[in-house]
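Working notes, structure below.
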Amino acid sequence: MKIMSGNSNLPLARAIAAYLEMPLTDASVRRFADEEIFVEIHENVRGQDMFLVQPTGYPANDNLMELLICIDALRRASAKRITAVIPYFGYARQDRKPGPRTPISAKLVANLITEAGADRVLAVDLHAGQIQGFFDIPTDNLYAAPVMAADIQARYGDRDLMVVSPDVGGVVRARALAKRLDNAPLAIVDKRRDRPGESEVMNIIGDVSDRHCILIDDIVDSGGTLCNAAEALLENGAKSVAAYITHGVLSGGAVARIDGSKLKELVISDSIQLTEAAEASDKIRALPIAPLVGEAIRRIADESSVSSLFD
Ligand code: R5P
């Protein structure tokens, strides 16, 4: 087996390779003057079990195109099997038609990845579990919950915790985490969003008074959902609010919004490479997921169980 990386998150790819005690495949992914992507693999990969690490965060379209072109290069170089390792699968939020005459872009992206020549996909915390079914190739969806639960236990384990889902759609994810935290109680923020990119908190379902709240979600993008939820929880008597979110998309002024918010801290994984602003923030902390992804890769290559990672 070999590990190759695009440009999207080289530190993560290097950490995964280090976990597996192997070097990254020697390849270059460059841009022509007009921004076309050119990939060259500088070593033999014929007959190899290839794992290509390329999350599709910002800039989403460039990183997606790079992923597709790397897969094509590997296929034409006669790799035996290609696993697209996509720790953050962009376009996942477009997983259904929100209105008439709109696309289901998550399905289109799944089709593109399959058509490019991927044999398998390995993702982390897909926005919705059913996105696995958008691929007609085996797709493993890893959960960051064990990594987050261990950190929550270490930092906040001695307090009266309340796990909180910032919207109704995230309840299953929040409940799974609460279970790992000795069945901590669960509250839900009933969020209404009038326009894309804006969020408004309406109601808290559950009694959060005197609790240390842990907000759980898959994505923090503008940060609006989290900051509004934190404010609503504190107004309802919560003692403190911290957030554990798998994918730190953190677009636009998100970092400044988080820094100025009432959140105690925002903990994200490094599925997307942190920006300089996120690195510099006193409120944002990243948990490494390379051991989780690296172990899943090892098990896929060995054809042993991946699900048992979460028992
Ligand atoms: C939505 O369904 C997702 O799970 C996140 O809650 C959402 O993407 C967060 O976006 P923002 O940070 O822009 O409020």
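Start at 1 and go down the list; that is how both ligands and their atoms are numbered. This one's a predicted model, so the numbers in the text were calculated from it and none came from an experiment.
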Checklist entry - Purely on distance, is any nitrogen or oxygen of Gly223 under 3.5 Å from one on ligand 1? => result yes

Honestly, for Asp167 the part within reach of ligand 1 (heavy atoms, under 4.0 Å) is side chain

Note: Ile219, heavy atoms under 4.0 Å from ligand 1, region reported as both

In terms of relative ring orientation, are Tyr88 and His247 parallel, tilted or perpendicular, with 30° and 60° separating the classes? tilted

Item checked: Gln132 side chain to Thr139 side chain, donor-acceptor N/O pair below 3.5 angstrom -> no

Partner of Phe89 under side-chain contact (heavy atoms from CB on, under 4.5 Å), picked from Ile113, Asn141, Leu64, is Ile113

Ligand 1 to Thr225, heavy atom cutoff 4.0 Å, flagged ligand atoms 9 (C), 10 (O), 11 (P), 14 (O)

Heavy-atom contact check, 4.0 Å cutoff: does Gly169 meet ligand 1? no

Ignoring hydrogens and angles, state whether a donor on the side chain of Tyr91 or Asn61 is under 3.5 Å from an acceptor on the partner side chain. yes

If we number the atoms of ligand 1 from 1 as shown, the ones under 4.0 Å from a heavy atom of Gly224 are 12 (O), 14 (O)

One finds that the ligand 1 atoms under 4.0 Å from a non-hydrogen atom of His127 are 1 (C), 2 (O), 3 (C), 4 (O)

Short version for Asp218: what comes under 4.0 Å of ligand 1, heavy atoms counted, is side chain

From CA spacing to verdict: side-chain contact (heavy atoms from CB on, under 4.5 Å), Val267, Met148
CA-CA 8 Å; Val267 182; Met148 302 212 158; 5.6 Å; no

For the residue pair Asp218 and Thr246, confirm or rule out a side-chain donor-acceptor distance under 3.5 Å.
no

